[in-house]
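Working notes, structure below.
Residue numbers count from 1 along this sequence.
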Amino acid sequence: LSAWRCLRHLWLGPHKLMQHGVAAESSISDQGLLILASGCAGLQDLTVTSRGITDVGCAALLRGCRELRRLRLGGRGLTDASLEVLQGLTQPRLERFALWFSGVSAEGLRRAGETMPWTYFDIEVAEVST
């Protein structure tokens, strides 16, 4: 991964195809995101859709890739905890944070919008079953 230190943009798992039911997600896991976070600190734009990622991988990216401007992640393992990690960091460059197929609640999204108005959030809120 040391040869990828100059990597700035990475797309793993296209979101649009998944919306239509095509199995086009990547098989990357939290471990893979940890490797990316430690080896690609200059990453500016990342898109990953995978059932294998959780708040742990998201937190590693937010802490390790301080140059991120756009972060788009898809996976049910992503919850309000990812937004809480972001709130605790000084991440002035992050312009857009998207979470697809996530477990983020409407309340978590509301709090994030209030505390981080400089970041545009594109988050699919988890449906609450009654």
Check your understanding: Below 4.0 angstrom, N of the basic side chain to O of the carboxylate: do Arg111 and Glu114 qualify?
Key -> no

Exercise for review: List the steps, then state whether side-chain contact (heavy atoms from CB on, under 4.5 Å) holds for Leu89 with Arg66.
Suggested key: CA-CA 10 Å; Leu89 298 175; Arg66 305 300 294 202; 3.7 Å; yes

Review point. So, do Ile28 and Leu33 sit near enough that their side-chain heavy atoms are less than 4.5 Å apart?
Key: yes

Check your understanding: If we only count heavy atoms from C-beta on, is the Glu95 to Arg93 side-chain gap below 4.5 Å?
Key -> no

Check your understanding: Between Asp122 and Phe97, is any pair of side-chain heavy atoms under 4.5 Å apart?
Key -> no

Review point. Is there a side-chain contact (heavy atoms from CB on, under 4.5 Å) between Ser102 and Ile123 once you walk through the steps?
Key: CA-CA 8 Å; Ser102 74; Ile123 297 177; 4.0 Å; yes

Review point. Taking side chain as C-beta onward, heavy atoms only, is Arg96 less than 4.5 Å from Phe121?
Key: no

**Study point:** ILVMFWY network linking Leu78 to Val125, side-chain heavy atoms under 4.5 angstrom
**Key:** yes

**Study point:** Expected output: side-chain Asp30 to main-chain Gly57 donor-acceptor under 3.5 Å
**Key:** yes

Review point. Same hydrophobic cluster for Val48 and Leu34, using side-chain heavy-atom links shorter than 4.5 Å among ILVMFWY?
Key: no

Practice item. Decide yes or no for Leu73 and Phe101: does some side-chain heavy atom of the first lie under 4.5 Å from some side-chain heavy atom of the second? Key: no

Practice item. Treating Ile, Leu, Val, Met, Phe, Trp and Tyr as nodes and any side-chain heavy-atom pair under 4.5 angstrom as an edge, say whether Leu46 and Val85 lie in one connected cluster. Key: yes

Check your understanding: Leu10 versus Thr47: any side-chain heavy-atom pair under 4.5 Å?
Key -> no

Practice item. Mind checking the CD-NE2 spacing from Gln44 to His9? Nearest 0.5 Å is all I need. Key: 5.5 Å

**Study point:** Pairwise side-chain contact, Gln87 with Met116, heavy-atom cut-off 4.5 Å (strictly under)
**Key:** yes

Review point. Considering the options Thr79, Asp80, Leu83, which one meets the side chain to side chain contact (heavy atoms under 4.5 Å, CB included) requirement together with Asp55?
Key: Thr79

Exercise for review: Would you check if Leu94 and Arg70 make a side-chain contact, meaning some heavy-atom pair closer than 4.5 Å?
Suggested key: no

**Study point:** Verdict with supporting geometry, Cys65 and Leu68, side-chain contact (heavy atoms from CB on, under 4.5 Å)
**Key:** CA-CA 6 Å; Cys65 301; Leu68 275 173; 3.8 Å; yes

Review point. For Ser82 and Leu62, which heavy atoms make the closest approach, and how far apart are they?
Key: O-CD1, 3.9 Å

